[in-house]
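Take a look at the structure below.
Residues take their numbers from the sequence shown, with the count starting at 1. In what follows, every heavy atom counts, from backbone to side chain, and hydrogens, waters and symmetry copies are set aside.
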Amino acid sequence: MLKIHFSGEDILRTRVAPAADPVWELVLSLHVLRGRTRDPLTANWRRSVARDLRQDSASEQLRLLFALNPPRGYFPDFLTPYASVEGFEAGLDALRRTPTELLHRDLSVLAAENQLPSSAAALARGEVSALHHLAESMEQYRSLAIGPYWSRIQAAVAADRTRRARALLDGGVEGLLTSLRPAMRWESGVLEVRSYPHSRELHLDGRGLLLVPSFFCAATPVALLDPALPPVLVYPVDRLGALVPADAGAASGAARESLAALLGRTRAAVLQASDEGCTTGEVARQLSISPAAASQHATVLRNAGLLVSHRERNSVLHTLTPLGRAMLDA
């Protein structure tokens, strides 16, 4: 179990990352790609990326990147610098500037349980060429495995941020932290990650906590090993359907039949109301319809894959899926 201890100052400084973190998504996707999970929502993505890697000459060039990210267990903290909250390029710039002592320390921890290629030795010595090669490998992998799917990843993270924003507005930061259940439990100034693989205590010491919602994070939230680094906790979001390229072809026949049921002004208005997140009761009040009618329309939209619904206490919050966002934008 991981226990994260908050002071009053930490609560004030806790926030949610402004968008999907491209470096964290890249690194965690490597674990999904090579792990044992058989999540149907990422199955097609795994097959497609694995096929492209076999066909592409990039597979050998990515050898070190794969070695640094074993399917299970520890992976180096320096791969996910805090600066990546500002975007992919900012993250890679920070990675290229990683101090040699941090590289040596992290790679020593990794090598204790994993066999590393010879190229890892140059990286551990802090050689500039090795750091630049690693950054180039991450760019190469991203273009193949992340870029074509980025809009779907962003949409899932955006839907989660809408949910957390609602919890923050309703209950303050404590409401936000409470909303992270069931994977985590907030009680008496301590956030507990129950399924964490090791027993750890993390004291924030006034630095606050950056919560990073992640598409590729598995069931267990992830924290950095080094307690001296800016505190980050990456947690999984609902994936809102299978991961397919943004320009994937037309929907299946069953989906088209479901979409046909959406014709009509009221359901279009329900879709519009859910753009920024809306409860069933709020939809009913905005559209001057009964709660039962609002619930029925939301059910049709959800069954068609346009909405995702989360129960929060006595209400149900509706947010758009990637398909719902595309329809609304169109």
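- Using a distance-only test at 3.5 Å, with no hydrogens or angles considered, a donor-acceptor pair links the side chain of D77 to the main chain of L225.
- With a 4.5 Å cut-off on side-chain heavy atoms, R96 and H132 count as touching.
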- Task: Applying side-chain contact (heavy atoms from CB on, under 4.5 Å), run through S137 and H133 and close with a yes or a no.
- Result: CA-CA 6 Å; S137 298; H133 173 74; 3.7 Å; yes
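- Using modelled atom types, no side-chain atom of R152 and backbone atom of Y149 make a donor-acceptor pair closer than 3.5 Å.
- For the pair D39 and R46, the salt-bridge criterion is not met [side-chain N within less than 4.0 Å of a carboxylate O].
- Residues L28 and V193 are members of separate hydrophobic clusters, defined by side-chain heavy-atom contacts under 4.5 angstrom among Ile, Leu, Val, Met, Phe, Trp and Tyr.
- Looking at heavy atoms from C-beta onward, P76 lies in side-chain contact with L79 at the 4.5 angstrom threshold.
- Side chain of T321 to backbone of G324: a donor-acceptor contact under 3.5 angstrom is found.
- The minimum heavy-atom distance between A167 and G175, with the atom names listed, is CB-O, 3.7 Å.
- Taking 4.5 Å as the limit, every side-chain heavy atom of V234 sits out of range of all side-chain heavy atoms of T80.
- When hydrophobic clusters are built by joining Ile, Leu, Val, Met, Phe, Trp and Tyr residues whose side-chain heavy atoms come closer than 4.5 Å, directly or via intermediates, W186 is grouped together with L204.
- Side-chain contact check for L176 versus L211: some heavy-atom pair is nearer than 4.5 Å.
- The two residues A20 and I153 come nearest to each other via the heavy atoms CB-CG2, 4.2 Å.
- Under a 3.5 Å cut-off, the side chain of T162 and the backbone N or O of A158 do form a donor-acceptor pair.
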- Task: Apply the test side-chain hydrogen bond (donor to acceptor under 3.5 Å, both in side chains) to residues R164 and S179: give CA-CA distance (whole Å), side-chain angles for both, the deciding distance (0.1 Å), then the verdict.
- Result: CA-CA 7 Å; R164 305 308 165 194; S179 77; 3.0 Å; yes
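- Counting heavy-atom neighbours within 6.0 Å of Q115 CD, excluding the residue itself, gives a total of 12 or less.
- Remark: side-chain polar atoms of R207 are not paired, donor with acceptor, to backbone N or O of P231 under 3.5 angstrom.
- Separating the CG atom in L191 from the NE2 atom in H5 is a distance of 10.5 Å, to the nearest 0.5 Å.
- In terms of heavy atoms, V222 sits closest to C217 at CG2-SG, 4.1 Å.
- Residues L102 and T98 approach most closely at CB-CG2, 4.1 Å, considering heavy atoms.
- One N or O on the side chain of S290 and one on the backbone of A293 form a donor-acceptor pair closer than 3.5 Å.
- In this structure, H203 has its ring center no closer than 6.0 Å to that of F6.
- Residues S119 and R63 have side chains not in contact (no heavy-atom distance under 4.5 Å, counting atoms from C-beta outward).
- Distance alone, capped at 3.5 Å, is enough to place a donor-acceptor pair between the D10 side chain and the G208 backbone.
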- In sequence, state the C-alpha distance, the side-chain angles, and the governing distance for L210 and R15, and then conclude on side-chain contact (heavy atoms from CB on, under 4.5 Å). CA-CA 5 Å; L210 177 66; R15 63 191 181 107; 3.8 Å; yes
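- L12 places none of its side-chain heavy atoms less than 4.5 Å from the side chain of V173.
- Between the S309 side chain and the H318 main chain, no donor and acceptor come within less than 3.5 Å of each other.
- L2 places a side-chain heavy atom less than 4.5 Å from the side chain of L233.
- Hydrophobic clustering keeps I4 apart from Y82 (ILVMFWY residues linked when any side-chain heavy atoms are closer than 4.5 Å, directly or through intermediates).
- Remark: L110 CG to N69 CG distance equals 8.5 Å, nearest 0.5 Å.
- The heavy-atom pair separating A67 from L116 by the smallest distance is O-CD2, 3.8 Å.
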- Could you go step by step and tell me if L134 and L123 meet the side-chain contact (heavy atoms from CB on, under 4.5 Å) rule? CA-CA 9 Å; L134 177 59; L123 187 63; 4.1 Å; yes
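- The CG atom of L287 lies 11.0 Å from the CZ atom of R285; values are rounded to the nearest 0.5 Å.
- In the hydrophobic cluster analysis, where Ile, Leu, Val, Met, Phe, Trp and Tyr join through side-chain heavy atoms closer than 4.5 angstrom, L33 is grouped together with V27.
- Looking at D160 and Y235, their side chains do bring a donor and an acceptor atom within 3.5 Å of each other.
- Between V85 and A17, the shortest heavy-atom contact is CG2-CB, 4.3 Å.
- Contact annotation: the side chain of L271 approaches that of L301 to within less than 4.5 Å [non-hydrogen atoms, C-beta and beyond].
- In this structure, R163 contributes its side chain and A159 its backbone to no donor-acceptor pair below 3.5 Å.
- Ring centers of F215 and W24: at least 6.0 Å apart, outside the cut-off.
- Residue T280 holds its OG1 atom at 12.0 Å from NE2 of H297, rounded to the nearest 0.5 Å.
- In summary, R13 and E9 engage in a salt bridge, as defined by a charged side-chain N under 4.0 Å from a carboxylate O.
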- Hey, mind stepping through V237 and S214 against side-chain contact (heavy atoms from CB on, under 4.5 Å) and telling me if it holds? CA-CA 6 Å; V237 303; S214 168; 5.8 Å; no
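- To the nearest 0.5 Å, the span separating CG on L92 from CE on M138 amounts to 5.5 Å.
- When atom types are taken as modelled, the side chain of R34 and the backbone of F66 share a donor-acceptor pair closer than 3.5 angstrom.
- Each of L180 and F216 belongs to its own hydrophobic cluster when Ile, Leu, Val, Met, Phe, Trp and Tyr are linked at side-chain heavy-atom distances under 4.5 angstrom.
- Atom CG of L30 is separated from atom CG of L68 by 9.5 Å, given to the nearest 0.5 angstrom.
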